[in-house]
Number of protein chains: 2
Amino acid sequence: MAITIKDVAKAANVTPSTVSRVIADNPRISNKTKRKVRQVMEELGYQPNYKARNLASRTTQTIGLVMPNSTDQVFQNPFFPEVIRGISKMAHMTEYAIQFSTGETEEEIYDGVVQMVQSGRVDGVILLYSRMNDRVRAFLEEKAFPYTMIGKPSYDVEKISHVDNDNFSAAKEVTEYLLQLGHTKIGFVGGSTSLMVTLDRQQGYETALKEAGIPICEEYIVHEDFLIEGGKQAISELLSLKETPTALVVVDDLMAFGIINTLEKMGLRVPDDISIVGFNNLLLSEISQPPLTTVNINIFDLGYHAAKNLIEIINNPDEPAKRIIVPYQMTVRGSCKKLI
Amino acid sequence: MAITIKDVAKAANVTPSTVSRVIADNPRISNKTKRKVRQVMEELGYQPNYKARNLASRTTQTIGLVMPNSTDQVFQNPFFPEVIRGISKMAHMTEYAIQFSTGETEEEIYDGVVQMVQSGRVDGVILLYSRMNDRVRAFLEEKAFPYTMIGKPSYDVEKISHVDNDNFSAAKEVTEYLLQLGHTKIGFVGGSTSLMVTLDRQQGYETALKEAGIPICEEYIVHEDFLIEGGKQAISELLSLKETPTALVVVDDLMAFGIINTLEKMGLRVPDDISIVGFNNLLLSEISQPPLTTVNINIFDLGYHAAKNLIEIINNPDEPAKRIIVPYQMTVRGSCKKLI
DNA sequence: TTGTACGCGTTATCAG
DNA sequence: CTGATAACGCGTACAA
């Protein structure tokens with residue numbers, strides 16, 4: 001049996017409650033007592049028992065992470081390790097533990113979150129995505145359980161704290177960049193249309209075209225659920241058009257890789273035959289062939305601020321919702337070329 | 001206040017202990033009572049409180065995951081999402097939760113694990129790596145705390161359950177493949193020499209050469225801690241030799257990408273000027289230019305079996321240690337060429 | 001500034 | 001088969 005608060009109390013000639021107060025650094029305990037108790041704790045190698053602590057204090061000091069479903073390849077995106085690294089950083093600083101939702105299908109994940117929340121395994125939850133008609137979010141909302149998300153909420157944007165990039169502006173900016181290079185036949189390759197990030201970027205893309213007086217061509221806009229495979233699929237659709245685009249805005253670097261690969265198999269070259277802009281700035285984007293012009297969305301910061309946000313919500317449930325916009329940087333490399 | 005076991009007991013006209021037994025599906029409770037209690041639980045929407053449950057039962061039903069330190073880029077390796085997916089699968093099936101160690105530096109991680117273990121946040125731990133002189137392992141060992149690891153233990157191989165590939169044979173096989181293609185000047189690019197996976201693969205490489213009667217050239221063996229950056233570094237070292245190798249065995253696909261990128265910048269082509277074999281078979285390896293010949297190590301299975309292993313250990317601490325070897329497949333693609 | 005007494009929601013032990 | 005009763009280890013009003 002590990003050593004408990006009672007053992008410490010006995011050894012320090014005080015009562016358990018005093019020890020408890022020392023742990024909490026209660027100001028009403030004399031420094032002398034604190035010193036003595038702490039010394040005893042040190043000597044005995046005492047570690048508070050979280051199971052008991054949590055029961056008594058009704059908190060867990062842990063935050064739950066919810067991923068999109070892992071059956072699709074989304075999960076293999078280096079995006080996730082990187083957000084988690086950001087979350088982990090903040091969690092460590094604030095002494096929160098991190099718990100993962102398990103489950104592969106949407107159904108399983110939903111059940112997992114319900115379980116996690118109802119049984120009191122976590123104090124709050126971060127959704128690592130934002131999509132329309134999300135049952136998980138609906139559940140959290142209904143329970144009024146503390147949560148935040150990475151991405152723009154699909155409704156009640158003002159009512160819930162979240163962390164996001166300005167995806168509209170980012171997409172508009174890259175599209176304008178392609179316009180400046182002389183491209184007018186610009187395509188857009190998005191992910192699932194239920195993801196907010198797809199919608200925002202598409203709007204930015206469309207707005208840039210409109211402002212340039214270029215009509216939007218529906219055929220130039222395709223959506224794919226998977227990343228690498230989706231990229232392959234997308235480009236074959238686009239190339240089957242009578243007038244093929246000369247440039248593409250692609251919402252994920254992995255998707256862009258899929259596209260570039262397919263193009264090369266067909267004997268087409270990037271950027272000579274077609275220009276491509278991606279999003280995310282993965283480690284690989286710099287060394288790919290050609291190096292990818294992309295938008296660095298600062299994934300680490302997204303995670304870091306999401307964790308910070310959530311912890312604030314947990315500690316202060318009645319504060320107004322906060323929206324954190326993490327800046328992005330367009331990173332010009334070698335996958336775009338002036339149209340001659 | 002959520003609804004507790006007492007509420008259920010009252011509504012079902014039984015005592016809390018009976019309800020508890022129904023939850024545990026105790027065989028000594030009559031089916032009639034079980035049915036009644038279960039119905040009441042349903043009606044009231046009762047969910048067991050894990051905080052209390054864990055305190056009373058002295059377990060947590062959660063397993064802890066320990067990563068190598070995240071300051072290096074290792075963490076951006078798609079390897080991790082994939083192992084975690086495997087672990088998550090098994091965890092979900094067995095109703096275990098997953099907790100993550102936080103912390104960036106080795107020191108922080110160590111402290112995090114100590115905390116996790118001492119305060120009773122987890123029932124067992126999976127080390128997602130295996131290295132020499134690992135303080136974390138030493139700690140677990142000393143505490144006799146249930147744990148398993150992915151990779152070969154650096155000592156007491158027979159005494160601890162673990163999940164691994166046969167990295168020796170895999171490396172030997174790919175080296176032999178290069179020999180068959182006519183290469184004799186074959187280099188080896190490994191990760192940190194403190195990682196068991198590096199050592200095993202290096203031995204496989206060396207054994208293949210020895211068996212072919214080719215002397216091992218120390219200069220052809222380089223080690224780098226980082227992945228992509230390391231690849232860049234490694235290749236510039238190798239190219240500075242008077243006699244440069246014509247083929248390389250590289251322990252990680254990401255490293256291979258770094259190498260290929262650097263070569264291309266220098267005007268050298270893979271596989272025309274130099275052949276390369278990687279390890280891991282990431283999603284990207286298939287679509288990279290050229291597509292990478294690599295070893296598929298079945299990362300998902302590694303995670304899946306590690307979780308299974310750990311749970312068995314937790315439930316049966318005295319069983320002998322088990323070693324699970326996950327099969328690998330060499331996947332020939334386009335990054336190797338016959339030497340003329 | 002410290003001690004007392006009780007509660008947190010379950011499980012486990014011992015009767016019956 | 002079921003019911004009391006006592007842990008599990010800690011936090012916290014209330015009292016002193």
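Lettering of chains follows the sequences in order, A, B, ..., and the numbering in each one begins at 1.
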Are A/Asp301 and A/Lys89 within salt-bridge range, i.e. N to O under 4.0 Å? no
How many whole angstroms separate atom NZ of A/Lys32 from atom C1' of C/dT1? 12 Å
Roughly, in whole Å, what's the span from CD1 in A/Ile23 to C1' in D/dC10? 8 Å
N/O donor-acceptor pair under 3.5 Å between B/Asp123 side chain and B/Ile63 backbone: no
Salt bridge check, A/Glu107 against A/Arg135: does any charged N sit closer than 4.0 Å to a carboxylate O? yes
To the nearest Å, give me how far apart CG (B/Asp25) and P (C/dT10) are. 17 Å
Interatomic distance, A/Asn54 CG vs C/dT10 C1' [rounded to whole Å]: 14 Å
What are the two closest heavy atoms between B/Asn309 and B/Thr148, and how far apart are they? ND2-OG1, 3.9 Å
Nearest whole angstrom, please: distance from the C1' of D/dG9 to the OH of A/Tyr50. 14 Å
Would you mind reading off the distance between A/Arg35 atom CZ and C/dT2 atom P, rounded to a whole angstrom? 12 Å
For a 4.5 angstrom cut-off between non-hydrogen side-chain atoms, does B/Tyr46 reach B/Ile23? yes
A/Val14 near the nucleic acid: base, sugar-phosphate alone, or nothing, with a heavy-atom cut-off under 4.0 Å? sugar-phosphate
Are the side chain of A/Asp111 and the backbone of A/Glu108 linked by a donor-acceptor contact shorter than 3.5 Å? no
Give the C-alpha distance, both sets of side-chain angles, the deciding distance and a yes or no for salt bridge (charged side-chain N to carboxylate O under 4.0 Å, His left out) between A/Arg137 and A/Asp134. CA-CA 5 Å; A/Arg137 183 181 170 197; A/Asp134 184 16; over 6 Å; no
Between B/Arg58 (CZ) and C/dA12 (P), how many Å, whole number? 8 Å
Hey, which of these two, B/Ala52 or B/Ile29, hits DNA chain D nearer its 5' end, going by closest nucleotide? B/Ile29
At what angle, to 10 degrees, do the two end axes of the helix from C/dT1-D/dA16 to C/dG16-D/dC1 meet, given five pairs define each axis? 30°
Parallel, tilted or perpendicular, judged at 30° and 60°: which one describes the rings of A/Tyr110 and A/Phe139? perpendicular
Calculate the interatomic distance between A/Arg121 atom CZ and C/dG9 atom C1'; express it in whole Å. 15 Å
Protein N or O to nucleotides 12-14 of chain D N or O, pairs below 3.5 Å:
| from | atom 1 | to | atom 2 | distance (Å) |
| --- | --- | --- | --- | --- |
| D/dA13 | N6 | A/Arg21 | NH2 | 2.7 |

Distance below 4.0 Å between A/Arg53 side-chain N/O and D/dG11 OP1 or OP2: yes
Nearest of C/dG3, D/dA4, D/dG9 to any side-chain atom of B/Leu55? D/dG9
For A/Asn49 and B/Thr33, take the nucleotide of DNA chain D holding the closest heavy atom to each; which residue's nucleotide lies nearer the 5' end? B/Thr33
For A/Arg121 and B/Ala97 the tightest heavy-atom approach is NH1-CB, 3.4 Å
Please determine if a side-chain N or O atom of B/Thr15 lies less than 4.0 Å away from the OP1 or OP2 oxygen of D/dG3. yes
